[in-house]
Amino acid sequence: MKTVRFLEKEVPHLIFGSLTMAPLQRNMSPDEGGDIIAYALEKGIRWIDTAQMYGSYPHVLKGISLSGLDRDELVISTKSAVKSYEDMNRAIDEAMEEMNLDYIDLFLLHAVRSMEDFREREGALSALIEAKSRGRIGAVGLSTHSTRSALLLAEDNRIDWYHLMFNIRGTGLTDGTLEEQILAIEKIKARGAGFYVMKPLGGGYLKSMAEEALKWVKDHRLVDAVALGMMSREEVDMNIDVFSNRPVSDEIKDRLGTVDKKLFVFNALCIGCGKCEETCEQSAIAVNIDKIAVVIPEKCILCGYCVPVCPKFALRII
Ligand code: SF4
Ligand code: SF4
């Protein structure tokens with residue numbers, strides 16, 4: 001498998017994404033999730049990606065402790081969507097405490113929606129820069145679903161790593177084309193910053209062509225590393241096979257290609273408050289005339305970000 005250099009560490013470029021197992025999606029217990037993370041670590045994966053919002057710190061903690069690996073063998077990236085200096089410092093403390101880490105390799109501003117949103121996060125960004133200077137974090141990052149923001153922020157020297165949506169079909173891009181996304185990544189790479197991929201399978205929509213989609217992204221000239229959600233040992237095995245250029249058995253492809261999730265609205269619980277609609281950057285959910293939230297499946301990338309904002313627990317990815 002190809003490797004990626006992250007500061008002084010050299011690790012495989014397949015990243016374990018912990019969103020899909022977390023409460024926002026499959027809602028596995030820390031024991032179940034930790035077992036799969038430990039299995040992935042046993043198979044050679046060394047970078048785990050999480051976020052404050054995912055609720056997967058307990059799963060990561062369990063996985064690392066089961067693996068018995070040394071902290072310095074691992075790269076741990078996490079993110080927070082908080083805006084202020086104080087809240088970001090608290091978010092760093094929380095990540096370190098809940099995952100029992102004495103430093104975080106990469107800490108990102110999570111899901112920056114627009115330039116206006118970015119400007120509102122100056123306090124959070126300065127907390128990350130200060131934490132980097134004190135060795136509490138190794139690098140400062142930014143994740144965004146917005147191509148327009150990626151284009152405008154690609155040359156901001158304060159950002160060391162970017163986490164952007166990137167897949168063979170451009171699935172999930174809302175305010176730009178795949179070509180424009182490539183342009184943003186070219187700018188990032190031209191100044192020597194890092195880029196790791198979000199949604200290489202378009203949030204699950206490309207699962208039926210998983211092998212082709214993963215090969216496209218892993219071999220792409222602009223890609224440093226790829227984060228991929230994994231919820232079973234079979235998924236870990238398949239992803240490692242693809243990333244190691246080994247053939248994937250038809251049996252595994254069939255089994256995994258048919259597993260599909262969707263965002264489900266429990267109509268009886270929905271009060272039509274519209275909070276999910278306000279949160280969704282993909283315009284993939286809207287409150288209808290009967291005051292019920294309705295999902296537009298072809299736009300929904302199953303990020304799960306609307307799930308925790310629902311005051312009635314009416315949303316679930318299943
Ligand atoms: S509807 Fe929810 S899960 Fe789907 S893209 Fe929007 S925020 Fe993400
Ligand atoms: S946030 Fe929940 S209650 Fe409000 S409209 Fe959306 S699904 Fe319904």
Side-chain angles (χ1 to χ4, degrees), residues 17-28 49-56 78-83 108-114 116-117 121 142-150 163-178 181 197-208 213 227-231 259-318:
S18 64
L19 167 65
T20 50
M21 66 167 50
L24 294 186
Q25 296 205 7
R26 182 63 64 83
N27 200 15
M28 296 169 94
D49 186 63
T50 178
Q52 185 182 36
M53 184 197 284
Y54 298 171
S56 58
T78 187
K79 329 170 187 78
S80 171
V82 297
K83 298 194 174 181
L108 301 95
L109 298 176
H110 194 178
V112 172
R113 298 167 75 103
S114 62
E116 188 189 348
D117 180 25
R121 300 201 205 187
L142 177 147
S143 79
T144 180
H145 292 187
S146 161
T147 304
R148 214 170 291 153
S149 304
H163 186 35
L164 308 177
M165 233 182 288
F166 197 50
N167 58 61
I168 190 168
R169 293 271 161 85
T171 303
L173 298 178
T174 50
D175 61 357
T177 62
L178 183 55
Q181 192 78 341
V197 172
M198 171 201 309
K199 310 278 179 220
L201 295 177
Y205 288 107
L206 305 175
K207 267 201 158 182
S208 57
L228 203 47
M230 304 180 217
M231 291 184 292
V259 178
D260 256 324
K261 303 169 285 180
K262 68 176 192 167
L263 177 65
F264 191 80
V265 182
F266 293 91
N267 289 357
L269 299 176
C270 177
I271 53 168
C273 68
K275 288 201 161 71
C276 51
E277 188 175 337
E278 280 164 33
T279 301
C280 179
E281 294 175 55
Q282 309 294 127
S283 305
I285 190 163
V287 176
N288 71 10
I289 196 166
D290 298 320
K291 295 263 181 229
I292 298 287
V294 178
V295 181
I296 304 157
E298 55 282 11
K299 290 187 173 181
C300 175
I301 56 166
L302 300 170
C303 63
Y305 294 174
C306 54
V307 174
V309 304
C310 176
K312 293 291 171 188
F313 306 103
L315 297 169
R316 177 60 74 82
I317 291 176
I318 42 184

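Counting convention: from 1, in listed order, for ligands and their atoms alike.
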Checklist line | Heavy-atom closest pair, residues Q181 and T147 | finding: OE1-OG1, 2.8 Å
Expected list for residues 291-317: side-chain donor-acceptor pairs under 3.5 angstrom, two or more places apart:
| from | atom 1 | to | atom 2 | distance (Å) |
| --- | --- | --- | --- | --- |
| Y305 | OH | H110 | NE2 | 2.9 |

Item checked: Sub-2.8 Å protein N, O or S atoms surrounding atom 8 (Fe) of ligand 2 -> C270 SG
Checklist line | Residue list, side-chain hydrogen bond (donor to acceptor under 3.5 Å, both in side chains) with N167, at least two apart or on another chain | finding: none
Next item on the list: Determine the minimum heavy-atom distance between L178 and I168, stating which atoms define it.
Entry: CD2-O, 3.7 Å
Notebook entry, point to check: At their closest point, which heavy atom of P200 faces which heavy atom of A227, and how far apart are they?
Noted result: CD-O, 3.3 Å
Next item on the list: Carefully, step by step, assess K79 and Y54 under the rule side chain to side chain contact (heavy atoms under 4.5 Å, CB included).
Entry: CA-CA 9 Å; K79 329 170 187 78; Y54 298 171; 3.0 Å; yes
Check: For D117 and K83, what are the C-alpha separation, side-chain angles and deciding distance, and is it a side chain to side chain contact (heavy atoms under 4.5 Å, CB included)?
Finding: CA-CA 9 Å; D117 180 25; K83 298 194 174 181; 3.6 Å; yes
Item checked: Protein N, O or S atoms under 2.8 Å from atom 4 (Fe) of ligand 1 -> 1
Next item on the list: Go through T20 and R26 one step at a time and tell me if the side chain to side chain contact (heavy atoms under 4.5 Å, CB included) criterion holds.
Entry: CA-CA 6 Å; T20 50; R26 182 63 64 83; 5.9 Å; no
Next item on the list: Please confirm whether the backbone N or O of V112 pairs with a side-chain atom of T144, one donor and one acceptor, at under 3.5 Å?
Entry: yes
